[in-house]
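Note that the numbering runs from 1 along the sequence shown for the chain.
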Amino acid sequence: MDKKRVGILTGGGDCPGLNAVIRGFTKSAIIKYGMEVIAFYDGFLGLIEGRFTILRQEDVSGILTHGGTILGTSNKANPFEHYIGKEGSRQKIDISDRCMELYEDLGLEALICVGGDGTMSIGGGLAELGAKIIGVPKTIDNDLMETDVTFGFDSARYTATEAIDKIHSTAQSHHRVMFVEVMGRNAGWLALESGIAGGGDVVLIPEIPYDINEILAVVRKRSRFGKRFSLVVVSEGCKPKGGEQVYQRIVKDSPDPVRLGGVSHIISNQVEDATDIECRVTVLGHLQRGGTPTPLDRILATRFSVKAMEMVVEQKFNQMVAISGNELVTVPLEKVVDKQRKVPRDSTLIQAGLAVGMSFGAKLE
Ligand code: F6P
């Protein structure tokens with residue numbers, strides 16, 4: 001082996017910008033540093049099963065604008081909790097030693113793990129076993145600690161805003177209360193920012209438990225003032241005061257098994273029953289994870305990936321690349337794992353929403 005080798009994988013749920021990272025990293029590794037890039041398929045599953053390829057420049061040419069990940073991903077694969085056997089006789093085993101053997105056999109200088117909290121956490125576990133890990137933060141939820149923003153968020157925010165704009169006009173025509181449910185898991189960033197961008201009348205986020213009476217008050221008040229429609233942007237993770245989140249399914253074998261969704265149907269029925277105004281629900285779902293990345297995400301993904309390659313050369317391992325203001329910084333993986341960055345109550349975004357008459361479905365000071 002005459003060239004130095006560096007590995008990359010994309011883990012967890014996909015989002016726009018993953019291919020931009022794969023491209024940026026591969027090009028920079030080959031063009032600037034003359035290294036060879038080993039790419040694992042389907043996130044950590046490729047590492048577990050020994051499925052990988054050598055990426056050449058031509059493999060990543062033309063993918064900057066493409067959604068998804070050319071490598072595939074998995075939000076179930078975890079070398080520390082690997083399931084074997086058939087349904088009924090399934091067994092959980094730790095297969096991390098085998099992954100480390102492959103890592104050593106391939107002679108990797110480092111392994112770049114592109115993903116969210118789950119991916120960083122597995123990366124951190126491998127780092128403890130001796131792997132040299134560099135994290136690159138992705139997620140449409142924007143809930144990773146220690147970075148102002150993750151790539152993928154801007155594209156999802158754009159998709160959600162565009163959808164809200166479209167729902168706005170039909171809400172107006174039919175004099176309805178329209179609910180748009182967006183993703184985001186336990187963090188309200190996507191709902192909050194697309195809600196502000198789309199001029200939502202009510203925005204419900206997990207960080208502020210809602211009171212149905214507050215939502216009814218907004219809808220009724222708007223009716224009294226001649227506004228015969230309302231737009232409610234609902235984060236999938238929101239919950240009523242004293243109540244629970246609504247989940248759609250439990251994904252067996254997933255490190256984070258709860259899949260949220262459906263809360264807007266419940267609120268919509270409550271509003272329709274109480275006001276007699278017609279309500280409709282649109283759940284945006286995985287639309288928010290697809291499509292071409294926005295220019296901002298393409299730039300962020302490229303900057304992150306080039307920085308990750310610099311970190312390999314500078315031997316800054318077991319760190320995640322992050323952005324603070326407009327500066328790229330590095331943060332130890334342990335500061336990131338098992339935490340979620342949520343919308344703080346004193347967020348200027350909440351203040352801005354309140355100042356323009358937006359309701360958060362609760363009485364806020
Ligand atoms: O974390 C990204 C995300 O899209 C969340 O917003 C959402 O709750 C979840 O993943 C959906 O997961 P899945 O693709 O497994 O349905």
Side-chain angles (χ1 to χ4, degrees), residues 8-18 20-22 24-25 43-44 69 73-75 78 111-127 133-157 160 182-194 205-207 235-237 254-256 258-260 288-289 293-294 296-308 311 316-344 347 349:
I8 186 168
L9 59 80
T10 54
D14 69 344
C15 75
L18 283 166
V21 169
I22 297 166
F25 183 76
F44 289 105
T69 158
T73 185
S74 161
N75 56 11
N78 179 352
L111 176 62
I112 311 308
C113 298
V114 189
D117 174 37
T119 304
M120 297 308 146
S121 170
I122 296 170
L126 293 174
I133 302 292
I134 293 169
V136 179
K138 72 89 241 217
T139 168
I140 65 162
D141 305 336
N142 204 22
D143 61 351
L144 263 183
M145 290 301 281
E146 303 291 333
T147 184
D148 287 355
V149 71
T150 52
F151 76 85
F153 175 67
D154 185 59
S155 306
R157 180 176 58 185
V182 303
M183 283 183 164
R185 237 185 257 267
N186 299 311
W189 298 106
L190 194 51
L192 179 57
E193 297 203 14
S194 61
I205 61 174
E207 293 85 348
S235 172
E236 63 177 0
S254 169
D256 193 359
V258 175
R259 292 297 177 274
L260 298 163
Q288 296 157 100
R289 294 237 300 257
T294 57
L296 197 146
D297 270 339
R298 295 178 201 181
I299 295 165
L300 188 60
T302 304
R303 289 181 75 195
F304 276 165
S305 62
V306 169
K307 177 75 178 173
M311 287 161 73
K316 275 199 178 157
F317 301 126
N318 309 336
Q319 309 260 332
M320 182 184 85
V321 57
I323 190 155
S324 170
N326 197 27
E327 293 300 309
L328 291 181
V329 294
T330 63
V331 288
L333 279 178
E334 66 261 24
K335 281 189 145 183
V336 181
V337 300
D338 295 333
K339 298 185 188 95
Q340 284 173 330
R341 195 175 73 93
K342 299 205 179 174
V343 179
S347 161
L349 289 164

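A 4.5 Å side-chain heavy-atom check between Lys307 and Thr330 finds at least one atom pair inside the cut-off. Looking only at side-chain heavy atoms (C-beta outward), Thr119 and Val114 stay at 4.5 Å or farther from each other. With contacts defined as side-chain heavy-atom distances shorter than 4.5 Å, the pair Val336/Asp117 does not qualify. Proximity of Asp154 to Leu300: side-chain heavy atoms (C-beta onward) are nowhere separated by under 4.5 Å. Under the 4.5 Å side-chain criterion, counting only non-hydrogen atoms from C-beta, Thr147 is not in contact with Val331. Thr69 is listed as a side-chain neighbour of Ile22, based on a closest heavy-atom distance under 4.5 Å. A heavy-atom distance below 4.5 Å is not found between the side chains of Pro332 and Asn318. Between Met311 and Leu328 the shortest side-chain heavy-atom distance does not fall below 4.5 Å.
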Could you walk me through whether Phe44 and Ser74 pass the side-chain contact (heavy atoms from CB on, under 4.5 Å) test, one step at a time?
CA-CA 7 Å; Phe44 289 105; Ser74 161; over 6 Å; no

Residues Phe317, Ile134; criterion side-chain contact (heavy atoms from CB on, under 4.5 Å); working and verdict:
CA-CA 6 Å; Phe317 301 126; Ile134 293 169; 4.0 Å; yes

Before you tell me yes or no, could you show the steps for Cys15 and Thr139 under side-chain contact (heavy atoms from CB on, under 4.5 Å), namely the whole-Å CA-CA distance, both residues' side-chain angles and the distance that decides it to 0.1 Å?
CA-CA 6 Å; Cys15 75; Thr139 168; over 6 Å; no

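For the pair Arg185 and Arg259, the tightest heavy-atom approach, listed with the atom from each and the gap, is NH1-NH1, 4.0 Å. Nearest heavy-atom pair, Ile205 versus Ser235, reported as atom, atom and distance to 0.1 Å: CA-CB, 4.0 Å. Nearest heavy-atom pair across Asp297 and Thr150 is OD1-O, 4.3 Å. Counting all heavy atoms, side chain and backbone alike, Ala20 lies closest to Ser305 at O-OG, 4.3 Å. In plain terms, the two heavy atoms of Asp141 and Trp189 that are nearest each other are O-CD1, 3.6 Å. Looking at every heavy atom in both residues, Glu236 comes nearest to Leu260 through OE1-O, 3.6 Å.
Side-chain atoms of Thr73 come within 3.5 Å of backbone N or O of Thr10 as a donor-acceptor pair. Panel note: side chain Glu207, backbone Val343; a donor-acceptor pair is recorded below 3.5 Å. Listed for the Glu193 side chain is no donor-acceptor partner under 3.5 Å among the backbone atoms of Arg157. In terms of modelled atom types and a separation under 3.5 Å, the side chain of Asp143 and the main chain of Gln340 share no donor-acceptor contact. A side-chain donor-acceptor contact under 3.5 Å links Thr302 to the backbone of Arg298. Between the Lys138 side chain and the Gly13 main chain, a donor and an acceptor come within less than 3.5 Å of each other.
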